[in-house]
Each structure stands twice: as C-alpha cells, then as structure tokens.
Amino acid sequence: VEIEYWQYVFDSRVQAMDQLIKNFEAANPDITVKHTTFPYADYQTRVVAAKVAGQGPDVVQLFYGWLDNFVSGELIQPLDPAVFPTAEIESDFFPIVSAMKRGDSYYGLPTAVRSLALFYNKALFEEAGIANPPSNLEELLAAAEATVKRDGGGNIISEGITMDMAGQDHHWWREALIRQNGGVPYDAEGNVAYNDAAGAAALKFYTDLQTEQKVGLVGFMDEGQAAFRAGLAAMTIDGTFRLGAFESNPFEWGVVELPADANGVRSNYSSYFANAIGASAQGEEKIAAEKFLAYISSPEAMEVWLDIVGELPARRDVALTETNLNDPIKGPFLKGLEYAHTTKFYDEAAQRQTAIDMVNRVLLEGQSVEDSLAQAAAAEQAIIDAATK
Amino acid sequence: MTSSELAANRRDIRPGRIIIWTLLVIGGLIMITPLLFMFSTSLKTAGQVYDLRLIPASPTFANYVKVLGDGRFMQWFFNSTFIAVTVTLSNVFFDSLVGYTLAKFEFRGRYFIFLAILSTLMIPTEMLVIPWYLMSSQLGWIDSYWGIMFPGMMTAFGTFLMKQFFEGVPNDFLEAARVDGLNEFTIWWKIAMPMVVPAISALAIFTFLGNWTAFFWPLIVTTSKELYTLPVGISSFSAESSIQWELIMTGAAIGTIPTLVVFLLLQRYIVRGVMLAGLKG
Amino acid sequence: MASATAKQGAGSTRFWDRLNMSTKRVIWAWTFLALPILFYAAIRFYPTFTAFWLSLTDWDLLRPANFIGFANYQKMFADPVFWKVFQNTFLYLLVGTPVSLIISFVIAYYLDRVRFMHGFIRALYFLPFLTTAAAMGWVWRWFYQPLPIGVINGFLSTIGMEQQPFLRSTLQALPSILVPAIWAGLGFQIIIFMAGIRAIPSTFYEAAKIDGLGDWAILRKITVPLLKPTTVFLVVFSSIGFLRIFDQVYNMTSNDPGGPLNATKPIVLMIYQTAFSSYQMGYAAAQTVVLFTILLVVSLLQLYVLREKK
Amino acid sequence: MAKIELQGLVKEYGKSRAVHGIDLTIEDGEFVVFVGPSGCGKSTTLRMIAGLEDISGGVLKIGDEVVNQREPKQRNIAMVFQNYAIYPHMTVGQNIGFGLYTSKLSKAEKQKRIAETGAILGLEKLLDRRPAALSGGQRQRVAIGRAMVRDPVAFLFDEPLSNLDAQLRAQMRMEIKSLHRRLGTTIVYVTHDQVEAMTMADKIVVMKDGHILQVGTPTDLYEHPLDVFTARFIGSPSMNLVPATIEGGTLSLADAKWAGGALPNTNGKVLVGVRPHDLVVTDDAGQGLSATGTVVAVEPLGSETLVHLQLAGETVVATAPGRVVPAIGSTVSVAAEVGSLYLFDAATEKALGRA
Amino acid sequence: MAKIELQGLVKEYGKSRAVHGIDLTIEDGEFVVFVGPSGCGKSTTLRMIAGLEDISGGVLKIGDEVVNQREPKQRNIAMVFQNYAIYPHMTVGQNIGFGLYTSKLSKAEKQKRIAETGAILGLEKLLDRRPAALSGGQRQRVAIGRAMVRDPVAFLFDEPLSNLDAQLRAQMRMEIKSLHRRLGTTIVYVTHDQVEAMTMADKIVVMKDGHILQVGTPTDLYEHPLDVFTARFIGSPSMNLVPATIEGGTLSLADAKWAGGALPNTNGKVLVGVRPHDLVVTDDAGQGLSATGTVVAVEPLGSETLVHLQLAGETVVATAPGRVVPAIGSTVSVAAEVGSLYLFDAATEKALGRA
Ligand SMILES: Nc1ncnc2c1ncn2[C@@H]1O[C@H](COP(=O)(O)OP(=O)(O)OP(=O)(O)O)[C@@H](O)[C@H]1O
Ligand SMILES: Nc1ncnc2c1ncn2[C@@H]1O[C@H](COP(=O)(O)OP(=O)(O)OP(=O)(O)O)[C@@H](O)[C@H]1O
Ligand SMILES: [Mg+2]
Ligand SMILES: [Mg+2]
C-alpha cells in the first residue's frame, strides 16, 4: 500500500523524514510512503483545503496548538489505544504530550519537542567585559545595559536584547514572565487569567526594556533573530529550531536557560509538532499509517531526528541522557523541558496577535500597561469563547 | 507628426530641457534602486545580507549556483514559462475573438455581454478562490497544469483592450475579405488579427507578466513540488524559522531577468500597442 | 460547428444557405462567443453567486454550511477592526490614486518631450512593473529599517534629521506601504499616459501656439482635456488596484500582518486572514461581498463623474 | 459575364428606409455609374448587389438567378473600396493573390494569374512591396488587381478615386475606363463626382433620397435632364437657375430679355436654367437670352474665366475667354443662344423642355 | 496689416535641406498662393512664417521687423490647418473664442467678437454645438473663425480645402476669396490644387524641390510659364508636350504640320506645348498647327469633350464641342491657332517663347 505523509518545508526536517521513510520502507517492503511538503505559511490552508476536496493525507504533521481545529474539522482520527496504549504514552513521553489528548483519546504523537532558551553573543559579551551569561532577570537587565550600543542621537545601533513579540517573546511573557511574577496565564477552565497585577508586572517588565532601559527596540532589524544573526544584538530568546539557522553565524554564541526570577523560579514554554493519522485513512492504509506513526515516534527515529534536525527527543529516556544534558547547546533546552509549560491554543495566530497588539498599544500609542492588558485579555477571551462555544 | 517630433524640431536646446532631462534620469535611477538592491543581495552571502551596501563586499555567484543547481528550480522555471505562455496564447486567442465579435458584429445582446464581461473586472479574485478550489477538486484539476491555468484563460481586461483596437480596423478590410470568399473565422484570423499586431503584443506582454508572477492561486491548487510555479517555489525557500533572503532575492532576480529581457526587446510594441488602442474610457 | 456548416455544400439550398446574411452573422457571433460565455459564467459569475450565498452561512471549511441570515454582516459591522480596515482601504484609494496619477502624468508629460536616450529612461520607469511584490516587499522593508541598517534613516541621520519609525508607526505605516505600491504601478501608468499624449494630433498644439498660449495654458486647455479618455481609464483601473491592495501589505508586514494595530490592513488582507488563517469562510465571503460593493460603487461613481458631457 | 437586375430593391435600417424600391437592369458588359449626393443610398445599393447587406425587399438577379440569399463569394462579384482595403500585412503579390483565396487553382497557376494581373496594371516591379511603400494610385491599382485576378462576373467600385489628388484621379479614370474596354466585364461604379460619371459611364443612374431620378447615357442626362436636381447635378460648374414666368408664349425674366425661339406650351412660374458654358460674356447680343449684371467674383482658369454676376437677385456664373478678366464691380453683358435654355416648372421642378 | 519678406530662407532637417534659400516679398493685403507637388517644401515654408519651425538660415521679416526668433504668438499671424485643428472638447463658440485667449478684451467684448465672427461665417446657430456635430465645411469655417477673430496681420492656410468634396471645395474657395476681399488681410495659402491657385491668388508661387521656380499672377503663369514644369502644372487638363525640332526657322513635328507664324530664334531639339483647350478637333486646318491622329479615349464632359489621341507616339488631349463625341479608333484632325504654341528647349526645359 501507499500512504501519504505531509509536513511543511524545512530542509533538515525533510531530510530527516526522507531518512526515516527509507528505513521504514526497508523494514516494511509492502508499504511505500509518499512524502509531501508545503511552505510553512500555507501549510494549514493546504491541509484544510485538501480535506474539503476529500484528499487528505494518511499521516499528517500538525502543531499541537492546531489540534482543536483539526479534531473538530475531522481532519484526523484518534489513535487506537490497542496500538498506542495510553499508559505507555504517558509514562514514556514528556508530560507536555498531554496536549494531544482530548477526552480519553490521544490524537497524535511527537517525534521531537522544543523549548526556549536565551542565546547570547559571546563576542559582544566579551567586548562589554561580562564573564558569565545572565542566569536571572536582574543579570539579564545588567547584561543588556552593558552590551547595548547607541549612537550620538540615542538611537540603538546594537541591541542588548531583542524584542520580538511576533517571534517567541509572547511565549516568554505568557508562560515565564507572568508565572515569575506570581500569576498564571490561564485558569483551569482555560480562560484568561492574566488580567491582574502579575500580568501587568510582566508586561511592564517587557515594555520597559524599550521604554525605560532602552536596551531593545521592537522592529529593530525587522526580526529579533535577524538582529542576532547579524551580530547586532547581544541576546535573544528563541527556540531549539533556531539552532540550525544560527549555526552559520560568523561569531561565537552560547545558550543558557531562560533567566530565573529573584527567587530562582524558572519557567519555560515547550511546544512540538505531532504526527497524527488522517481521517481518511481506513483499512489497510490505516494499519500502514499506524505502523508508520509508531516508527516515527520510536526512540530510533528520535535519534535520527536529533542528529539531523537538532530537535529534542520527545521520549524522556531518549532525551535525558547524560551526554545530552551535558551538551552546552542541548543541555539548557533539555533542562528547560523539566519545568516547561505548554499553552493550550485555540487559534494560535489570533492569540499571538492579541499579545502583539497589547505591546504595540503600550509602545506606539502610549496606553497604560493596565489598560492594554485588560484589552488584550478581553480580546483573547473572546477568541477562546468563540472557539469553545 | 507627433508632439515629440515637434519638440525635436526645436533646435535650440534650452537650459530648461537639460534640467528636465537630468531630473527624469535621476527619477529613473531612483525607480530602479530597489531592483539594484535585489541583484546586489543575490550576490551576497547569508552573513552579508544585512549589510545594505549596494556593491557587495565580495560578490559571489554561489546563490545562483545553489538555486539553479537545484533541479527543482529549473522545473519551476519551466512550469512558470509553460503556464505563462499557454495562458498568454489563450488570452490572445479568446480575448481577441471576443473583442472582435463585440466590436464588429451587430446582434442583440452585444452590449449586455460586453458589460457583463467588463463587470468581472470588479469581482475580486479573492472572492472566487474557494469556489474555484471546490470546482477543481470535483473535476480532478487539483495539482495539474490545467488547474493552475484555467481561471486566467480569458480576461476582461484583454477583451476590453482588443475590442478597442478592433473598432479601429476599417470595415472595408473585412468586407473586402468577405467578397473574396473568406468565412467569418478566417476573416478574423487572417485579416483582422494581423492588423492589430501591436495590440496583441501589448496584451501578450501584460498577460505574460501577470501570470509569470502569479502566486496565490498556484499556491492553493498545487500539491506536488514538481508543479510549483517560480514564485511559489521561491517562497518555499522561506521556512518557518529562518527566511533565506539571499536565496529569495536570487530566485526573484532569476525570475525577473526573462521578463526584463522580453520587455526590453518589446517595449516599443507595448507603447505603440497601447497608443493605438486610443483607450476610450 | 458553424464553420463546418458554413462550408459551401454541393446542394446550395441547404438550411445554411437559406438564411439571410444578418442571421448568419448573428450565428457566427454566438458561435464565437459560446465558449467564452460558458467560461465567464462558470469561472466568474457562478463563483460570485456562490460567494454571495456563502456570506449568509457559517461555513468554516470543515463543517457543512448552515444558513445564518445576516449574522456575518452584523458581526462585521460591529467589529471595530472592520471599520479600521474600511478606513484604511479608502485611504489607499484616496491617497494612492491621485498621487500616482499626478506623478505618472508629470513624468509622462516631460518624458514625452525628451528625445535623448528616451527609450532608456522610459525603461527605467517601467522596470519596477516587472517585479514581484513579494521580492520587492523585502527590499522596501529594509529601506524603512531604523538605524544602523535602514537606508532612508541612514540618509536622514546624515543630513541631521530625526529617525522615523515608518512601518513601526501607526501613522506612517500606511503611507510607507503606499510608496512601493505607487512605485510598482507607475511604469504602467506612465506608458498609458504617454500613449494618450502621443495620440493627440500635433496640430492642436501648433494651433494653440499660434493662438498665443504658453506651455502651461496648452497643458491646461488642450492636453488635459483631450487626455480625458486615458485619464478615465487610469482612474478606474488604478482605483480598482488600490482598493484591492494586498501584495505590498502582506509582504511588507509579514511579522505582524496589517501593520502595528492594523494600521495598514486593507480589506483584502482581512479577507485573506479570515478565510485562510481563521477558516471563517462565511465571514470572509461577507467581507468579499462588501469589497465587491465598494468596487462597483466607486467605479460607477467615477465613470459617472468623468463621463463625456455632450 | 452577367446581367444584373434590380427589381423593387428595398433596404431598411431598422425603421428608416435607405433605398425605396428601385428597379434597374444592368446589361452584361455595361459600365453603369451611380451618382447622387451623400447619403442618397448609392453605397447601400452597391453593397446589396455585392452581398454585404441584407436585402430588405425586392429581388436581385445576377445572370437570371435570384441571389438575394447568396453569400458574396457565391455571387462571384468583385469589389473595390474607397480606401482600397488592401491588407497592410501582405505584399502586393499576396494582396492580389488574395482574390484567389477560394479558387481551386494550383499554386503555380495562381502565381501565373498574379503575374499576369500585375503586368496588366503595371505592377510587375512592385509585387514584393508592402502597401505602405506604395503611392495612392499604386494602391488603387493593387485593389483593382485583387478584384480582377478572380475573373468575376462584375466589378463593383465604391468611390474608388475620391482619396486621390486631381491629377492622379484623372489618370486613374482613364485607366479604369480602358480596363473596362479591354475586359468587357460589367462594372457598377459609385461616385459623387459628376466628372467621373460623365466621362466613364455607359449609363448614369442619378439617385436622390433612396430613389432613382433618372437613368440614361451621359449625353442624355446633360441634354435632357428630367428635373432641376439632375440638371444641376450633371455638368460643371452647375447650371444657373433663375426664376421667370411664361405668360401667353412670352418669357419674362427680371434684368434680362429673351428674343425669339419657340417656348414650351405652358403658363405660369418657371425656372430658367442655363449652363455657365452657354452663358458667355459678350457685347453683341443676338437672338436668345441677353442680360447685364454686376460682377461679384471672377475665377480665371487660364483657358477660360468664370464670371460670377448678380442677376435678378441671384448669383449666376457665366464664362469668358481665358484672357478676359472683368473687374469686380464692373457691369458686363452676357448672352445665351437659342436652344441653350432649360425650362422647369417652378413648383414641381420637372423639366418642361428646352428653349 | 503687414508685408512679409523672405530673404534667402533655408530649412534643414538634420542633413537634408527641405527649403533651399528662397526670396519672396509678400505685399500687405496680398493673396499669395504656394503651389507645387507633394514634398516640395510648401508647408515647411509656411510653418517657418508661422513660427512653428525654426529657421535654419536667412531672414524672415514681418512688417519690416526681423522675426526669426519670435514665438508664434508674438508674430500675430493666424493659421488654418488642413485638418482644421478645432478642439473636440470645446463648442464652436469656445473654439472661435480661443483665438482671443491672450487678448485683454473684457468677457463681454470677447463674446461680441465671437458673435460677429460667427455671423460673418454663417455660424450663428451653431455656436453651442460640438465640432463632432458639424459637417466638413462647417468645421472649416470654425477654423477660419478662430483665425479671424483675432484680427491678425496675416492668415496662413495650409491646404485648407483638401479634405472637402468637390462641391464644398468650390463653395469654400469663393468664401475665402470674398473674405479676403472684405478683410483685406495678407493671406498666404498653400495648396497643390492648381484650380485653387488660379482662381484665388493675386500672386502664385510655384515651388519644386525646395526652390521657387516662378512667381507671378495667375494669368502670367498661364500665359508665360518659364519652364515645362510650371507649364504642365498650371492649367487643367495639363498642357500637351510633343518633341520637335527647329532647323533654320522651320518647325518639324512627326505627324503634324506647322504653317506660318514667327518662331523663336533657335535651332535644335525643342518641346512643343499646346494646351488641350487650344488644340481643337476640326476639319478646316487654317494657319498654325494641324495634325491627324487616332482616337484612344474620349471623355465627354457635357459642355465639351476631351479627346485623347495618339500623335507622334504620344497621347495628347484635344477638345471638341460637347455634342461631338468621336468614336474610339477613328481618325480625327486637330488644329491649334498661331500664338497658342509654347516652345521649350528639349534639354533644359526652359521656355523659348510662344509661336
Ligand atoms: N448601418 C446603417 N445603419 C443605419 N443607417 C444607415 C446605415 N448605413 C447607411 N445608413 C443610412 O442609409 C442612407 C444611405 O446611405 P449610403 O451609405 O448608401 O449613402 P451614399 O449614397 O453611399 O452616401 P456617400 O456618398 O456619403 O457615401 C443614409 O441616410 C445613411 O444614413
Ligand atoms: N519633420 C521633418 N523631418 C525631416 N524631414 C521633413 C520633416 N518635415 C518635412 N520634411 C521634408 O521636407 C520636405 C518638404 O516637406 P513639406 O511638408 O514642406 O512638403 P509640402 O510641399 O507641404 O508637401 P505636401 O503637399 O505633401 O504637404 C519633404 O521632403 C519632407 O520629407
Ligand atoms: Mg457611400
Ligand atoms: Mg504640406
């Protein structure tokens, strides 16, 4: 039988998957896997459009935040507990895998997971005379202040830390900064809970980077990662998936865990792309699809993935090996996984937009932190309400 | 004699003219600055992309080698060419035929049909994409050349342009051919068409450009990489995490070069073609 | 099919031969039009009606559509983002159309008189028309960057002026998008204007000169009025273009689509996001219906205002 | 070779009638010229014959066959248009050869025919040129060549010379005429230039407002016009007309006197017509008409001088020999011989006879 | 009101010379007509006078002032173009008023001038119409109106009638002429129609290849052409020319004989010119030239018949009275009186005198 596998285009992911498919086909000569990829920006559109046309894939990759959409749109089917025992999943994988659970059923399994960390430019640190990368927020501010460069007119020409809500900063704010200020982003029912002092303090900390400390500038070099790559930012917060892109940076850089707060509390955000079985797979194809899914979430596949893509294995025992934990690059990310949270998104793009707008209102329109926060909370709650009604 | 020849007849070159000429040239150079940056970036390495000097520190063709070396790129290039050429031919054929019929035949409903076709200019394409997609999937056109091409096979703009031109062709030519025994189709094809060659080249160029750069619909309707058009392919260089600008610019540069060459070769016809149309609102 | 029947048969009393000439011509005309009519009906009109129908449903691509009356429209008119977008769309139209037409006319007017290297200069102005908005959006984005890499800000700081936020400002973002949009379409408009100017017989100018008019008076009294058909064409087409602006906005603000706090978001981008990011097809269809209405009303209004007064 | 018959031919455009049922027989080999003012229906009639317009009523026969419903190509007629309608994208040879489009001749035979036709029209050297590189007269010849090459039963010409300048027009007039003499094919020719009509026609058809007013040889029409319209239309400069009355066998004109000559038997108001060439400036008034008037304009043509003078409130044109140029404002005497007057009923404008 | 003087006026287009240094004085109030074949430089000269073309060499004076460098508006001349150049977007009244654009008159005075001009040209009722709704003759009048309204020192006309049909042309010819008589303004008029030149001009300027061949009154040029070109150009139909020789005081022509009359004192090959109107079909050959030839074509014009006949290998045109129409192929005798022959040197084509 032939089954179809869909994911988005990213060179190393495609390469890794080709490798996995080759291995899989060697082991299962009666199954061929057709590997189809789309540009990231249009990936969802394509999956949805294909479903409308009734031509969906058998195994499909999806961001965990899209799950509700995919389930309610009947794009994917629940995993058969006979093939993928629930207990086993919950014991072998990192707990964030529970984001794939709806009711009693799991809808997909990740090969790899990702978390956030603080990247820093060793050359700029050295130049500023800082020996160690920051381990808490206070040190972060100090390091940023020390490394930022301004011209005669006070314009930043090299950032202390990048500011990019459209990138990973909204996760940092939501899952790390709020919690470090003593709040929670969402309550148990999944409703917005950050419209309080903790949320405001977190937002203030973030916007102050530009307005008070003047160590960062939203829109500087267009994207935070671009500024960092160009050597024009000393620090940036980003995910595992950026490792590949930073590999070619023409300077030395390092990674540390996200800074702790004054009390040493740490938090992180973790996410992943899972693989699920398409709603249209039935009979023979479904069996083949299950076999394939089992293979690509096996420890062997995770090793391959770690090798080629650099993403962290989703199974604890594969991930948390001694060598991995001591790796200067992988280590901080893996440690982050231990205390990471996973936001339950209903409409990831729209929810991120509320965070972007919230910061913009403060920075561009001079709205007070509290008002802006309240407005963002209301907007996000509306999105959640619309999705859950 | 046209007004420009008239102007040329004035032998005295006044300082005003030199100033105007200089201003025009400066304006023109400003116009192409973004293009220059496109070419310049395509000659840079990933690390230099953010260095906005126009002349790259160490120009390299590595990006071109990389882009062109990828067999898929040549495939996309072929796809774009094939699609743009086919759609252009179709437009030249059908838009002319319809324009001719509306210009030269008298029958009830002619004006209504003209208005109906013209009114499609006001329908935003965005409105049609979903129904098109549904239609394609029901008819099995998804992921095929035909699927990419069918929405553009005829356009109201082309029909309008050609109608204007054909109205300028004297009836005597058509009647002479009728007396010579040609049927209506041959009259159109053998007599009327050759008389509007400038219009056809203008139409062809506009259609070609429009389809060569088409992005949104090809993106929706193709699934396999082998069928991507150039712009879709170029944008697939951008991935979730890091955008490879130097490659995008290289792709864009390669994509622009053919249209550039075609335009430079045919710009006289465009101008003349549009000119003869005498666009009467 | 008619070409077959049109072939002269042996028996000259065949049906085709008994028709009179105008009937034959009508048959020819409909034969020529048959395929195109089918095409326009199926590819343009039918989908349009589908869109009208969808705007009354809650279709989200995934679940079957339910008729919900005018709920989408109510939702839209109650949405402040929609009104912001509505306002932006008209700003694009009301600033973009006149500015681009005036610039292109001025350039065309003077370019027409230039003989030396005429083709070369004309090509300079036309080249941007050949580019894709996606690629050029990037270049423009970088032009607008803050220091140290932004070309424009770099220029401003060398002449001692303050830095401008451009795309990062709720006020400047929209004009900053308009510039590349005008830039990209300028070449086309210049060529059309030049064609129009050249179509004016030179004796009109000569007669006016003999009547004692100066260059400015000739421009006002002769060139501009006689250029009216061209102007009408360009006004209508460029208005449609600005009302449907998308590529530039989408590509220049891809991090925060529609600019900071929707400062640059036009209606087409809203439709795109509603349809392909939120999958609210019914809602998106309602927005397309509004766009369609705007296009129709604006075009008809322009044609009416600029009509040939007999 | 064929006779063309028009029986009650009618053409209607919507509700308006352009041709009001005309009857005419054009004999095989005849050269018939339609003349008349603009909009009188000449072209429409020609185009009905050609098969380019539907016939709204009546019968059209070519060579005894009713051809009302036939397509142009089935009628085997050829037509030459005012603006020549030669295709700019083809060479002269190709243009001429286009007349053979539907013919079943072999390629070689077609080439031969093209060469022959080119030779007859003196276009041998131009066969490979494009029309843009031809003069007006040459273009006209190419158009005729395209018509000739097919050996049609009749040629139709619609104002073929009106785009040419005076000298070329005179020359082409001769050429068409001699072509007709050589080929002997029926020719129907439309013009509003009476000189062309007079010099070329075997038979002139005068049309007005969709009606035929008179049919006849050029001399016929010149000498015996049936009404004022034809009288004024034929002959250049136009016939002078002055109001007069006939009472009991005497003709009285203001400012003029009539001596001798029999008058038509009528009473009442008439119009007296006299051609400028018959009204000569002279001092010795003999028999016939004599008058004196004030010169208002003179047009010396070299061989003769046209003298415009005021007579009975009308401006009439008289002729004087080329070397005589009367001063403007002077008074001159003019005279017309007996037999040179045309009399018309003032009310109906119908001819009453000569005097 | 002004005299216009051209002194060695030269026009060069790039390397090619369109006008080769012409000298001419146009007196105040004179009606001067430039004639010549297409491309001879008539329009160019006119446009230099108007100020629409730069002058490459020589001096142009209007009213004793050198105006070489003046703008058109400073010269205060008015021009009427072949295609009228009336603005389609203005009414007739606005078009006429446009001539007053730079004038400092009050609005009411302008209106009055427009109304007056309209009245003179018979356009009163049309002042609110758009040009699209006018006939050719009316458009031409509007163009003249726009020129007139301003009261210029001179009018320039560039083939103003060539887009009109024959009858309108004759009528407009008269109108322009009488306008000139009324206004008395200098007029420079370009045409390639010799009839217009003959009938309108006070002075005709014959041009060829950028040179002036001859300047004179119409009668002058008709009677005393300086060369073959002018002789053939002036007069319609064109003068016949047959080669002959003069040896020792006798003129010998093939197929013809010459009796009596003094000959110019020359020897060798000559061209004998005789105008068709002087070569009449007659049986009684008296003094002068007589010949017989075969008729190849006849053109009956009503008042006279043009008879084309073969003579000494040339086709010559003779005239016969209107009612005489010789059969083609028949032989006729023609004769020309003493004094009606024009003799030219065969080599230089310069006139030798009359005979
Ligand atoms: N297609 C048409 N539709 C309506 N009326 C027409 C059409 N063609 C001609 N006519 C009318 O028919 C009448 C005769 O026109 P026709 O062209 O035969 O005149 P004509 O004698 O050839 O004039 P001209 O000398 O100007 O060519 C005119 O009144 C004209 O307005
Ligand atoms: N703009 C120009 N550039 C180059 N040569 C020109 C230009 N205008 C006219 N000429 C040349 O100058 C010569 C005289 O032209 P002009 O227009 O004066 O002729 P014309 O006597 O008015 O002829 P026509 O009777 O055809 O109007 C011609 O040989 C023409 O080719
Ligand atoms: Mg006609
Ligand atoms: Mg000229």
Side-chain angles (χ1 to χ4, degrees), chain D residues 37-38 135-136 159 162 165-167 169-171 173-175 177-178 181 191-201 217-219 221-223 232-239 275-278 296-306 308 315 317 319 321-325 328-329 340, chain E residues 37-38 135-136 159 162 165-170 173-175 177-178 181 191-201 217-219 221-223 225 232-239 275-278 296-306 308 315 317 319 321-323 325 328-329 340:
Chain D
S38 192
S135 71
E159 310 199 11
S162 49
D165 70 24
Q167 287 190 330
R169 203 147 54 208
Q171 183 194 336
R173 216 157 69 196
M174 296 293 303
E175 284 189 21
K177 188 70 194 160
S178 77
R181 220 170 290 123
T191 180
H192 52 230
D193 178 348
Q194 63 89 28
V195 175
E196 279 173 33
M198 289 296 285
T199 53
M200 302 174 85
T217 63
T219 334
L221 297 193
Y222 190 83
E223 299 289 346
R232 284 191 61 90
F233 198 84
I234 303 287
S236 163
S238 281
M239 182 186 279
R275 296 196 183 273
H277 283 108
D278 294 327
V296 293
V298 286
E299 299 194 281
L301 295 175
S303 58
E304 64 190 358
T305 302
L306 299 181
H308 300 246
T315 304
V317 183
T319 41
R323 275 137 248 195
V324 178
V325 182
I328 290 171
S340 68
Chain E
S38 193
S135 72
E159 310 200 11
S162 50
D165 70 26
Q167 285 189 333
L168 251 176
R169 203 147 55 208
R173 214 158 69 197
M174 295 295 301
E175 285 188 20
K177 188 70 192 159
S178 77
R181 220 170 290 124
T191 179
H192 52 230
D193 178 349
Q194 64 89 28
V195 177
E196 279 173 33
M198 290 296 286
T199 55
M200 301 174 85
T217 64
T219 334
L221 296 192
Y222 190 84
E223 298 291 344
R232 284 192 60 91
F233 197 82
I234 303 287
S236 163
S238 280
M239 184 185 280
R275 297 198 183 273
H277 283 108
D278 294 328
V296 294
V298 286
E299 300 194 280
L301 296 176
S303 58
E304 63 189 358
T305 303
L306 299 180
H308 299 247
T315 304
V317 183
T319 41
R323 274 137 249 194
V325 183
I328 291 170
S340 67

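Convention: sequence-line order gives letters A, B, ...; per-chain numbering from 1.
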*Interchain contact, Thr219(D) with chain E, by part (heavy-atom threshold 4.5 Å)*: neither

*Side chain, backbone, both or neither: which part of Leu306(D) has a heavy atom under 4.5 Å from chain E?*
neither

Heavy-atom distance under 4.5 Å to chain D: side chain of [X], backbone, both or neither?
{"X": "Ser162(E)", "answer": "neither"}
{"X": "Val325(E)", "answer": "neither"}
{"X": "Leu221(E)", "answer": "neither"}

_With chain E as the partner, which of His192(D), Glu223(D), Lys177(D) has the greatest number of non-hydrogen pairs under 4.5 Å?_
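Highest number of pairs under 4.5 Å: Glu223(D).
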
*With a 4.5 Å cut-off on heavy-atom pairs, point out which of Gln194(D), Arg181(D), Met174(D), Arg275(D) contacts chain E the most.*
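Heavy-atom pairs under 4.5 Å are most numerous for Met174(D).
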
*What closest approach, in Å, do Leu301(E) and Tyr222(D) show between heavy atoms, and which atom pair accounts for it?*
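Answer, listing the atom of Leu301(E) first, then Tyr222(D): O-CE1, 3.9 Å.
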
*How close do Ala197(D) and Pro218(D) get, heavy atom to heavy atom, and via which atoms?*
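Looking at all heavy atoms of both residues, the closest pair is O-CG, 4.3 Å.
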
*How many angstroms lie between atom OG of Ser303(E) and atom CE of Met198(D), to the nearest 0.5 angstrom?*
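Interatomic distance, Ser303(E) OG to Met198(D) CE, rounded to 0.5 Å: 8.0 Å.
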
*Decide, yes or no, whether a salt bridge links Glu299(D) with Arg173(E) under the criterion of side-chain N to carboxylate O below 4.0 Å.*
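Looking at Arg173(E) together with Glu299(D), the answer is yes, because their closest N to O distance falls below 4.0 Å.
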
_Would you say Thr319(E) and Glu304(E) are linked by a side-chain donor-acceptor pair, where the criterion is simply a distance under 3.5 Å?_
no

